[in-house]
Every structure is written in structure tokens, then in C-alpha cells.
Amino acid sequence: MAELTTLASPLDVGGVKIRNRVFLAPMSGITDEPFRQRAHAHGAGLVVSEMVASGELAKGRAGCDLRIRHSGLPVHMVQLAGREAVHMAEGARIAAGEGADIIDINMGCPAKKVTGGYAGSALMRDLDHALSLIEAVVGAVSVPVTVKMRLGWDESALNAPMLARRAEQAGVSMVTVHGRTRCQFYQGKADWRAIARVKQAVSIPVVANGDVGSPEEAATILEQSGADAVMVGRAHYGAPWIAGSIASIAGGVSAPGIPHTPQALADYVVSHYEDMLSLYGMESGLRQARKHLGWYLDRHAPDISAERRKRILTSFEPGEVAAELCRVFADGAQPTSLRSAA
Ligand SMILES: Cc1cc2nc3c(=O)[nH]c(=O)nc-3n(C[C@H](O)[C@H](O)[C@H](O)COP(=O)(O)O)c2cc1C
């Protein structure tokens with residue numbers, strides 16, 4: 001399939017070279033530094049920070065630094081959310097100062113706490129205001145600016161092509177379109193063909209997003225939308241290698257670092273757990289790591305008892321968790337790290 005091989009080729013985003021066209025979607029509370037580093041190591045073309053509230057960033061609130069800090073990857077892309085031009089501009093300057101190579105603007109988040117503040121996808125209800133934010137960010141930094149959006153607010157207002165065209169005129173270098181409206185949240189199936197109307201409206205690269213999890217789906221979304229690249233989100237739950245493996249299959253090579261043996265999987269999960277504890281500290285790390293552990297268990301050990309699952313997910317003893325993960329994934333194995341604690 002021609003579309004599949006296209007995914008392996010590089011893409012130019014406002015002068016920044018992206019190594020292939022299969023991207024990890026930004027997911028708040030999920031695609032933090034340890035996750036992005038793994039996705040990159042497996043071969044994802046581009047990884048994006050979780051969204052950062054520009055107002056909080058501009059005010060120097062705790063936690064924002066972790067979301068924007070440079071993790072040493074070749075392309076550092078930071079996503080900003082917000083509704084005040086002055087905060088968006090300041091947030092962009094701060095992120096660029098931290099080494100961001102690309103700034104993305106969130107105009108797609110459907111969450112009530114975001115749209116209630118007229119940010120995220122609520123911006124699609126007022127394109128003039130959306131444009132004022134885009135212009136403020138483009139004017140504030142010299143790095144490329146991109147926008148992530150949905151098809152529109154609801155079925156009666158599918159204005160993504162108009163927003164994309166105006167964003168391009170304002171200097172935006174790439175747009176990503178999730179093929180759902182805000183009012184759909186995550187229900188139904190993403191409309192991949194509707195993304196084609198955005199592609200026809202602009203000449204900058206368009207990234208298609210929504211419900212992709214396999215090479216076949218990646219090729220089909222590209223074919224139906226005519227888009228230049230694919231972004232993959234939830235399919236990464238319990239498998240940070242999905243984007244990398246799609247890109248590798250597209251390029252006819254094998255993706256680096258995928259754990260293929262039980263022992264390798266056990267080590268992989270333990271090391272992800274360990275990285276999260278060291279990034280967030282014990283208390284917050286334990287809480288944040290649980291959802292990932294749950295997804296790893298759902299995906300790779302779906303048959304373990306509810307009691308065992310609960311024990312892993314609620315334990316406050318990292319050594320005990322690591323040892324139990326090893327028993328679950330690689331019966332009898334010892335964790336490579338945290339070994340002394342186990
Ligand atoms: C838990 C969660 C958090 C998300 N956080 C963000 C975010 O911070 N910024 C953003 O632009 N989109 C966010 N999204 C939307 C995803 O980037 C993506 O557009 C959406 O999940 C559809 O792609 P998928 O079907 O491949 O998951 C989030 C989605 C989920 C499920």
C-alpha cells in the first residue's frame with residue numbers, strides 16, 4: 001500500500017525535520033517524559049508534551065516545569081492550552097526558552113474544565129478569538145507553531161477547514177485534526193474522510209488523528225483523508241511502542257526496543273514504573289504509575305485474578321510491586337531494577 005510506505009518518510013514542519021510520519025498524540029496525564037522517551041526510542045516520528053495551561057505556565061505554577069522541560073529528544077514539542085493571548089504568548093516564550101523546537105496550540109480538548117474556560121475545542125466556536133491566540137503565539141516565538149483541532153464544535157459547525165486556512169495565513173506550519181466534533185467527545189467512530197476537507201483547504205502538512213492503532217488503519221486514514229501524517233493516541237495504553245512499530249513496519253524495518261520475551265516485558269514495565277517514581281517522587285509517582293500498570297496488565301496479563309491486580313495497583317511498596325510484576329509477566333523472574341528492594 002503506497003500510503004503505508006509514505007509513513008516512513010521524513011516531514012518538514014516549518015523547517016524542523018521530523019524523521020517519519022507516525023506521531024504520538026499528546027495525552028494529558030499519560031504522555032509525560034518517561035512515556036515520550038519510550039515512544040521516541042521505539043521510533044515514533046514526533047512526540048508532543050501533555051498540554052500545559054498557558055496561564056499557569058506564565059504565572060510559574062508548580063508542575064508546569066515538568067511538562068515543558070526538555071527531555072533531550074531531538075525535537076522538543078510543547079503544547080499550550082489557554083484563552084488569553086497574553087498568556088499564550090508568554091507561555092510560548094517560556095517554552096521556547098526551555099528549548100522547544102515547535103509550539104502546538106490545543107484547540108481540540110473537549111473536557112468541560114477546559115472548554116468551560118473557553119479554551120481547547122471551545123475556541124472553535126469563535127474563530128476570531130482563536131486567531132488572536134494563534135497570532136499572539138506566532139508573533140512571540142521564532143520556532144514553528146502548529147495547531148491541533150477537532151472537526152468542529154458539533155455537526156452543525158464543521159469549521160476545521162476554515163480554522164486551518166486562517167491558521168495557515170497567520171503563519172502556522174502544520175495542523176492536526178481529530179476526526180470528531182467536540183460534542184462527540186470520544187463516542188462513535190472518527191470520520192477520517194472529513195479530514196480530507198481540511199487537507200484540501202491548506203498547503204501546510206495535515207496530520208490525521210482518531211482511532212488509529214495498526215499499520216492497516218494508519219494506511220487507511222492516510223488514504224481517506226489525504227493527510228501527510230498520522231497521530232496515534234489511546235492505542236498506546238500499555239504499549240508505548242505502537243507509533244514506532246507502525247513507522248517501522250512502514251519502513252520495512254523492525255522497531256527498536258519492543259519487549260518480545262516475558263523477561264523483557266517484565267523489565268520494561270518495571271523500568272517504566274521506576275522512571276515514573278523518580279520523576280514524580282514516591283507519593284505522586286505511585287499514584288500516576290497505577291494507570292500505566294493497569295494498562296500493561298490489561299494488555300499483557302488479562303487473565304490474572306482481580307485480587308492480584310488490585311494488590312499490584314494499590315501497593316505502596318515499589319519493591320513488592322516490581323517483584324509481583326515479574327511474577328505476572330515472567331513467572332519466577334527477578335526484576336532487573338529495584339532488585340535490592342524486592
Ligand atoms: C486521556 C487523554 C488525554 C488527552 N490529552 C490531550 C492533550 O493534552 N492535548 C491534546 O491536544 N489532546 C489530548 N487528547 C486527545 C488525543 O491527543 C487524541 O486527539 C485523541 O485521543 C484521539 O486519538 P486516538 O483515537 O488515537 O486516541 C487526550 C486524549 C485522552 C484520551
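The model shown is predicted, which means the values in this text are computed figures rather than measured ones. Whatever order the structure lists them in is the order used to number ligands and atoms, beginning at 1.
Within the structure, every pair that satisfies the salt bridge (Lys or Arg N to Asp or Glu O under 4.0 Å) test and touches residues 184-209, not counting sequence neighbours, is listed here: Lys199-Asp228.
Under the rule for a side chain to side chain contact (heavy atoms under 4.5 Å, CB included), the partners of Ala53 that lie at least two apart in sequence or sit in another chain are Glu56. For Glu216, the side chain to side chain contact (heavy atoms under 4.5 Å, CB included) partners two or more places apart in sequence, or in a different chain, are Ser214.
Under the 3.5 Å distance criterion, with hydrogens and angles disregarded, no donor-acceptor pair is assigned to the side chains of Ser49 and Arg36. Between the side chains of Arg180 and Ser121, no donor N or O sits under 3.5 Å from an acceptor N or O.
Using a cut-off of 4.0 Å between Lys/Arg side-chain N and Asp/Glu carboxylate O, Glu168 and Arg165 are scored as not salt-bridged.
Protein residues having a heavy atom under 4.0 Å from any atom of ligand 1 are Ala25, Pro26, Met27, Ser28, Ile30, Met51, Gln79, Asn106, Lys148, His178, Tyr186, Asn209, Gly210, Asp211, Val232, Gly233, Arg234, Tyr237, listed by chain and number.
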